[in-house]
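In what follows, chains are A, B, ... by sequence order, proteins preceding strands, each numbered from 1.
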Protein chains: 2
Amino acid sequence: MKGLMQDWQLTTNKILEHAKRINPTREIVTRRVEGNIERTTYGDLFDMSKQVSTALQDEGIGLGDRVATLGWNSERHMASWYGAMGIGAVLHTVNPRLHPEQIAWIINHAEDKVLIFDKTFLPIVEAIKDNIPTVKSFVIYAGADTMPENTLGAVPFDIWIDGRSQNVRWGDFPEDTACGLCYTSGTTGDPKGVLYSHRSNVLHTMITMQRDAIGMGANDVVLPVVPMFHANAWGLTFSCPATGANMVMPGAQMDGASIYELLDTEKVTITAAVPTVWLMLLTYLQENDLKLPHLNKVIIGGSAVPEKILRAFEEDYEVDVVHAWGMTETSPLGTLGTLPPHMLDADIDTRMAQKLKQGRPPFGVELKIVDDEHNDVAWDGETSGRLLVRGPGIAAAYFKGAGGKVVDEDNWFDTGDVANMDQYGTMQITDRAKDVIKSGGEWISSIDIENIAVGHPKVANAAAIGVYHPKWDERPLLIIQPVEGETPSKEEIFAALEGKIAKWWTPDDITFVDNIPLGATGKINKLALRDTFKDYKLPTA
Amino acid sequence: MKGLMQDWQLTTNKILEHAKRINPTREIVTRRVEGNIERTTYGDLFDMSKQVSTALQDEGIGLGDRVATLGWNSERHMASWYGAMGIGAVLHTVNPRLHPEQIAWIINHAEDKVLIFDKTFLPIVEAIKDNIPTVKSFVIYAGADTMPENTLGAVPFDIWIDGRSQNVRWGDFPEDTACGLCYTSGTTGDPKGVLYSHRSNVLHTMITMQRDAIGMGANDVVLPVVPMFHANAWGLTFSCPATGANMVMPGAQMDGASIYELLDTEKVTITAAVPTVWLMLLTYLQENDLKLPHLNKVIIGGSAVPEKILRAFEEDYEVDVVHAWGMTETSPLGTLGTLPPHMLDADIDTRMAQKLKQGRPPFGVELKIVDDEHNDVAWDGETSGRLLVRGPGIAAAYFKGAGGKVVDEDNWFDTGDVANMDQYGTMQITDRAKDVIKSGGEWISSIDIENIAVGHPKVANAAAIGVYHPKWDERPLLIIQPVEGETPSKEEIFAALEGKIAKWWTPDDITFVDNIPLGATGKINKLALRDTFKDYKLPTA
Ligand SMILES: Nc1ncnc2c1ncn2[C@@H]1O[C@H](COP(=O)(O)O)[C@@H](O)[C@H]1O
């Protein structure tokens, strides 16, 4: 027997329609690439997005067609999303930090028909324009007056939508219709596309709106530093209009001074970004003796939160840090580190130790940890295994079947992360499966070693990788990028590790480099490091 | 093109599974009908619910079969819900405050096969037992030692589930499967059943978990005074386990002293009930000079919040009042009165005036106000019309087609309420469509008149109804139930109304009664009043 409730399809257009009706005057504040600040409302955004829909339809775009963006966080970028999604086109966010060749490869794989981009990326687009034959039109986020010269026959976004009809019908399709496309550059093989549906985006939005997840309300002012091309800005482009929170969009400027200026002038209450961004901000705050009186909560994810960032926010600035874990394939939020009830009265060190873990899954995300035989391991806060995840916001396959079957018979998706869980569902990532160091068949967590090393005042960044060892198969090598002007010794670093990790986890050697290479989403590029150090001879070997 | 995300069906069993995994030690504290306090955890509740499923299966209950409860809020009642819903049976909450004949009518209409009830209601069940032939088994919420004598061949609940297998599979059906049944006693015609689906209950849960809706977190302690038989306890039986909030269940005792005791000893942070309950509590607090140091938020709905209740909570006890509107057909929450951004800095009177309105719809609820020709009226905070509603938690039809077609071609459900909306989506109920007083073709809001009258210190309750007038067709008669021991005069009441409503809204007469009749959900029974006063001759007539 079926229930007799309404068939209200979960399509993303309903989010902006809600904002238009209920919070029409709440704002999106954008720093333009030209540097000036632009203020828009959800009411305006709705109108702009409808015009984008008409502009796209006039280009022949319809259900299932891919529309690509190479864009910073801005209200124009958001209008492109809602405009494309509303008519059932697929909005494809391309990561501009990738190599131009990879960008071209991705655009071709996606068969994008329209490319809308910020002028910052004009050189990239000019460089690849002859290699992306599916793209028929180019649009640049600019007005008539700010339009750069180009050889693409591109139109300025503002002119492109100007005067177009807003009478286009949105959401005229089932909720499992494709809605967004985001490629994730696995460390092996070609990039793979995650194809979000309207349903998955709407449910991810509802999941993250829970108070213990992001939990913003209409009274919040949210600054997503995390880019819209990085796993949907963690869903903030949906959850902010859904709640009516104001948004502050940093455009191209994510340095400490620029972010601080926005936090301060716009009285931002919630912000979100990867650790690197916060390191820049904290340095700027310290150098200029500034405070953060308006900020309540900072969501940090994408890679593990270093203790010095956590402590600085919590202790020096009284900002609640919510450590979050997720991935492109999980829409992306999977766990969030809001303190659980049994930790509320714990002492500061216990609370900080809890917050260094990746957090707990909200309702709508299921986690499982398994050993090599696919058996559940104990949730004891110690035993680690492969982290599997399941839910309405989790990928079931990649675009065009890339990578083959990615879920098991019970729909569990293997994250490639290695983690443990405690009895209250707190998850702690101990490694990437492919980064784990296997010494004599036992796992050593590279992340643990790195976190401690990065805590040393002379260390800017650290990476532990496994290198060949004749007896143990692999042993850890620790690679250190010193703080500028500092020259730490091996002994100092070994001393910092001592007593904090099991003795047999101690790296067999430490080496210093000027720069640890980062990937396109700001994470350490271990593939490159493993390549560089593939012939490294350990003193113990 | 379809998205490639997981097909994770929205079934209610996933809520309790989440609680079991992530918040297994969070508690449900129940006041038994025997008076003692029982403590259970979500972990225990999960186990109990699984055993209920097996017990039901052993009675031959399966997909689509109706299982009825006549129960107070308790952990055993919750286990019955999850146990029945998990195997795809339909949990039918029967309102014990209805007349026994009506209860029998409803059970027969629903064709309930099992009836599980609190011993408080044994006399009712004994009285109707020969008239409910579909019911094959009776279960009483009791243990072996607390089981009452009966002629039903009933089993005690604890024995019924004791030792049963927990190995039953849950959620093995599509999300649009029927899940819950609740009859609403319309003021005309027979009661009509709202047939919730798993999907509608899960989505309603996610909607109400938004911070500006109920917004509880794992750290909250929630006391649902609102009964589980009254529109699903406003969804708290789902949203609390979904977030991991502790629950405090008042059982049969809802007087001021009993509720205060639970609020205080259990350190309740959020509670919810109809205004009548709060009147009792506030009287008790004042008489005993008590405070509410733990309570943060009180959700009040079911009928309009009187200003004296609002002000008492906000000003005397520093508790945030969230006025909520909804109905059985809306799962039930439709709007919630969390202060919108533009009201945060307003003075206290402006804020209180805002909070007397019924609030704003969260994402997932769409509202529309139309005039008699079904045209949208302006959202100006003044023009009122019929309130229509749409969303995944809104009824599309009644059980067995009762009442015929209840949504229009665009799926809008007519609530039967009359309301206005302001430009920020704040909805204000001005009347029930059938209670509206039509004077010379113009509408007079009975609720406005009642609210002002109830604000008078000598008035305990008030009802305005339209009675026959030869010239105006209908004119308002105001019926007053004085506070015990008080004898207000007509002049005093007219003076209280003066200047607060339009002159032509002033009642043509005032009359005093010992008792204003209430319906089964605690609301004024205007049908009965209209009947009593149908031949009332107004002095102006
Ligand atoms: N809070 C975190 N701590 C550690 N690793 C993380 C965290 N958040 C994300 N990651 C890593 O980033 C991966 C996802 O990368 P991406 O899809 O590019 O966002 C995850 O599988 C993790 O390995």
Greater than 12 external heavy atoms within 6.0 Å of A:Asp345's CG: no
Test item: A:Arg390 and B:Gln6 side chains (from C-beta on) under 4.5 Å apart, heavy atoms: yes
Contact origin within B:Val389 toward chain A - heavy atom pairs under 4.5 Å: backbone
Heavy-atom side-chain contact between B:Met5 and A:Ser331 under 4.5 Å: yes
Heavy-atom pair count under 4.5 Å with chain B, highest-scoring of A:Gly64, A:Ala395, A:Gly244: A:Ala395
A:Lys20 bridged to B:Glu366 by N-O distance under 4.0 Å: no
From B:Met343 atom CE to A:Asn219 atom CG, the distance as rounded to the nearest 0.5 Å: 12.0 Å
Top contributor to chain B interface from A:Gly215, A:Gly391, A:Gly217 [non-hydrogen pairs under 4.5 Å]: A:Gly391
Nearest-0.5 Å distance, NZ of residue B:Lys368 to CZ of residue A:Arg21: 9.5 Å
Residue, of A:Glu329, A:His342, A:Met421, A:Met216, that accumulates the most heavy atom pairs under 4.5 Å with chain B: A:Met216
Residue, of B:Leu181, B:Asp176, B:Val194, that accumulates the most heavy atom pairs under 4.5 Å with chain A: B:Asp176
Closest approach of B:Tyr398 to A:Leu4 (non-hydrogen atoms, all atoms of both residues): O-CD1, 3.4 Å
Most chain A-contacting option - heavy-atom pairs closer than 4.5 Å, from B:Leu63, B:Thr338, B:Asp220, B:Val407: B:Asp220
Chain A interface, residue from B:Gly425, B:Ser197, B:Ala178 that has the most non-hydrogen pairs under 4.5 Å: B:Ala178
Residue among A:Pro340, A:Ser239, A:Ser200, A:Pro392 with most heavy-atom pairs under 4.5 Å to chain B: A:Pro392
A:Lys400, NZ: over 12 other non-hydrogen atoms inside 6.0 angstrom: yes
Heavy atoms from other residues, nucleotides or ligands near NZ of A:Lys297 exceed 12 (cutoff 6.0 Å): yes
Beyond-backbone contact of A:Leu10 with B:Arg199, side-chain heavy atoms, under 4.5 angstrom: yes
Region of B:Thr25 in contact with chain A, defined by heavy-atom distances below 4.5 Å: side chain
Min side-chain heavy-atom separation A:Ile15-B:Phe363 under 4.5 Å: yes
Side chain proximity check, A:Arg360 to B:Asn23, heavy atoms < 4.5 angstrom: yes
Nearest non-hydrogen partners of A:Ala218 and B:Asp212, listed with the distance: N-OD2, 2.6 Å
Toward chain A, the part of B:Pro362 with a non-hydrogen atom under 4.5 Å: backbone
Spacing of A:Met427 atom CE and B:Ile22 atom CD1 [to the nearest 0.5 Å]: 10.5 Å
Largest heavy-atom contact set with chain A, pairs under 4.5 Å, which of B:Val365, B:Asn201, B:Leu203: B:Leu203
Minimum heavy-atom distance between A:Gln423 and B:Pro24, given as atom pair plus value: O-CG, 3.8 Å
B:Met1 side chain near A:Val90 side chain, heavy-atom distance below 4.5 Å: yes
Evaluation steps, side-chain contact (heavy atoms from CB on, under 4.5 Å), between B:Thr243 and A:Arg211: CA-CA 9 Å; B:Thr243 51; A:Arg211 209 196 63 198; over 6 Å; no
Heavy-atom closest pair, residues A:Ala242 and B:Gln210: O-OE1, 4.5 Å
Test item: A:Pro341 and B:Arg26 side chains (from C-beta on) under 4.5 Å apart, heavy atoms: yes
Which atom of A:Gly364 lies closest to which atom of B:Trp8, heavy atoms considered: CA-CH2, 3.9 Å
Smallest separation among heavy atoms of A:Asn411 and B:Asp7, with atom names: ND2-O, 3.9 Å
